[in-house]
Amino acid sequence: MRIDFTKMHGLGNDFVVLDARSQPLPPIDAALATALADRHTGIGCDQLILLEPSDTGDFRMRIFNADGSEVEACGNATRAVGLLHGEPARIETLGGVISASPSEQGISVEMGKPRLDWEAIPLAYAMDTHTMPLAWEDLANPVAVNVGNPHVIFFVDDPYAVDMARLGPLIETDPLFPERVNVNVAAVTARDAITLRVWERGTGLTRACGTGACATAIGAIERGLVDRKVTVTLPGGPLAIEWREDGEIVMTGPATESFRGSFDPADYGLTAGSTG
Ligand SMILES: N[C@H](CCC[C@H](N)C(=O)O)C(=O)O
């Protein structure tokens, strides 16, 4: 029996979405996530997204990076599943229950409240997370923010001049970050504008990173570099971020359904119809 999927993206950050509520699925594990994410031998995506029933929200969204690691948050995927749901939804994730609502400007997501204390990032030891007294070559003095998942943000003159292919994995896997980290390089270009590139934990360079845009906006606001409403422009396009006075981060942006398809689980060494 074949497994149905929906291919989606948010500003080019792309996903394979499997819905366990409408079909029996085999156990979704790191091996299957990695195989499906492979752009040569699999369907190809930055993250595999699994939708399941939930007791605390309208549904549960599980997020698997291309390396198979299961993580707490994915901003662009939250907008994508919000589009699929078609009406306001409360979504259970490992990072907490968040909400997505379709609007004229796209899909708005309440991503929760940021955390900046070192234990919440988490870091391996105590440190000022607002201006970390560290450097990796010429990337220095970042801010660390957890928005459900861990981010480190470096403010630079030109994000496109940074050798992310080399410095991204070096920082992602530094022992200072016991759960690894998403690596953001950003330039503030106005009180309401930031340019951003992200090396994503467990995936690498992506066209866009919603949680990266949220974390970077928080870091810039905390440093007094931008106002509480800011447009963050990634290689794939812009996202509107607002850090509300009540502490909630609100991200608004597009989500796109690319196509629907199906695959034979036997192609991935799975027995058809074996349920999780
Ligand atoms: N690589 C991230 C998960 C996906 C985040 C990104 N795709 C987004 O839109 O937020 C992590 O390991 O925390």
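Just follow the structure's listing: the first ligand is 1, and inside any ligand the first atom is 1.
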Exercise for the section: At a heavy-atom distance under 4.0 Å, which protein residues reach ligand 1? Sort them by chain and number, would you? Expected result: N13, Q47, N65, V71, A73, C74, G75, N76, N149, N182, E200, R201, C209, G210, T211
Quick one: does [X]'s side chain have a donor or acceptor within less than 3.5 Å of a partner on [Y]'s backbone?
{"X": "R201", "Y": "E179", "answer": "yes"}
{"X": "T206", "Y": "A208", "answer": "yes"}
{"X": "T203", "Y": "A66", "answer": "yes"}

Problem - Pairing residues for L225 by the side-chain contact (heavy atoms from CB on, under 4.5 Å) criterion, not counting sequence neighbours - result: F155, V188, A220, R223
Handout entry: Those residues that, when tested against F15, pass ring-ring contact (aromatic ring centres under 6.0 Å, His included) (two or more places apart)
Key = none
Practice task
Go through the structure and list residues passing ring-ring contact (aromatic ring centres under 6.0 Å, His included) with Y160, not counting sequence neighbours.
Solution key: none
